[in-house]
Amino acid sequence: VITFNTLINGLCLEGKIHQALRFFEQLVGRGGGFQPDIQTYNTIVNGICKIGETTQALRYLKIMEKRGCLPNVVTYNTIIDSLCKHMRVPEALHLFRKMTVKAISPDAVTYNSLIGGLCNSGQLKQAVLLSKEMVKDGIMPDVVTYNILVDALCKEGQAAEAQAVVEETMAQSGVQPNIVTYNSLIHGYSMRGQMDEATEVFSIMSSKGVMPDVFSYSSLINGYCETKRIDEAKRLFDEMSHNGILPDTITYTTLIKGYCQIGSIQAAKEIFKRMRDCGCHSNIMTYSTLLDGLCKHGLLDEAFSLFGSMLKEGVEAN
RNA sequence: GGCCGUCUUCUGAAUG
């Protein structure tokens, strides 16, 4: 069973959900005689959710019951999270109540998904309320819970408040911030152009033994680009490689945009070239960033020629 | 008795 689960999950991870489903049906169908276990079903349900067919995933709850494999907390969590990610929070809350009725206790993952869903639909207040409910329910908020709330505050432009949550509330609860926590703060400050504060968080994390990663650097670089301090951005870009952290597609795209914004199209093109040389793939965002830069500076011929290479590379226009 | 292999939640980039 584990072998098959691993195979099915492998297909799902590669985005080959339909292939995974076919494989699954073959195994279960006549002749297959394979008895899927709860994890097999959960993997399938997750695959279905990831292609946006959450409604079909909901049907699987019934199918599983009929086949004598009762959905567990992971099954519910998977679907609840998918509903939340597709802005169907009311339905998620409904399913949340339903699982309790079926005597399946929600866990931290359940609450975290719902809290995240509320945050993403602009209901931060409700999200905080739910995190208090969670405590009443005997489940302590974990680092993910805090990360969701911290990130939501940051995205609302309240990075300082978010940092206070980290330094006060989290500290009091004995929950250690992790790299995601720090990265959210760095991003929060960077997006407001508060680069001193962002840099401060960057040093705090290092001093606590949480080493900055490609997310940390990309956010900082983005902040410096937005504030037109391209030299600082470039310095960090060089520094990260030195520290053994490879810039990825997003990092390159960020820097390309930075150069475009200050009118250094030539430099932007050089970074784009360097990116290829380093074997880093450009995607639609990279191309549209550079295309935008070229167009805004009247270099339409070059833009069209770049567009042509993009199609040739198999990157689809949107 | 312990450990290892399969499922769910959090962070970065483009145009308008």
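Each chain gets a letter, A, B and so on, in the order its sequence line appears, and its residues count up from 1.
- Chain A approaches RNA chain B within less than 4.0 angstrom (heavy atoms of the protein), and the contacting nucleotides run 5' to 3' from B/G5 to B/G16.
- Looking at heavy-atom distances under 4.0 Å, A/N72 makes no contact with the nucleic acid at all.
- Base contact: A/V214 has a heavy atom under 4.0 Å from a base atom.
- As judged by a 4.0 angstrom heavy-atom cut-off over every strand, A/I148 is placed among residues touching the sugar-phosphate backbone only.
- Using a 4.0 Å heavy-atom cutoff across all strands shown, A/S218 reaches at least one base atom of the nucleic acid.
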Could you pull out every donor-acceptor pair under 3.5 Å between side chains of residues 200-212 of chain A and any protein atom, sequence neighbours left out?
residue : atom : partner : partner atom : Å
A/S203  : OG   : A/T199  : O            : 2.9
A/S203  : OG   : A/E200  : O            : 3.3
A/S206  : OG   : A/F202  : O            : 2.8
A/S207  : OG   : A/I204  : O            : 2.7

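- A/T110 comes within 4.0 angstrom of nothing in the nucleic acid, heavy atoms only.
- Ring centers of A/Y224 and A/F237: at least 6.0 Å apart, outside the cut-off.
- Side chain of A/H297 to main chain of A/G293: a donor-acceptor pair is present (N/O by atom type, distance under 3.5 Å, no hydrogens or angles).
- Among the protein residues, A/T289 comes within range of the sugar-phosphate backbone only, with heavy atoms under 4.0 Å from sugar or phosphate atoms but none that close to a base.
- As judged by a 4.0 angstrom heavy-atom cut-off over every strand, A/T6 is placed among residues touching the sugar-phosphate backbone only.
- Other residues, nucleotides and ligands contribute only 12 or fewer heavy atoms inside 6.0 Å of the CZ atom of A/R274.
- Note on A/D248: a base of the nucleic acid sits closer than 4.0 angstrom, heavy atoms only.
- Nucleic acid contact for A/D107: none, since no nucleic acid atom lies under 4.0 Å from a heavy atom of the residue.
- Between A/E197 and A/R192 there is no salt bridge, since no side-chain N of the basic residue sits under 4.0 Å from a carboxylate O of the acidic one.
- Using a 4.0 Å cut-off between charged side-chain N and carboxylate O, A/E232 and A/R229 make no salt bridge.
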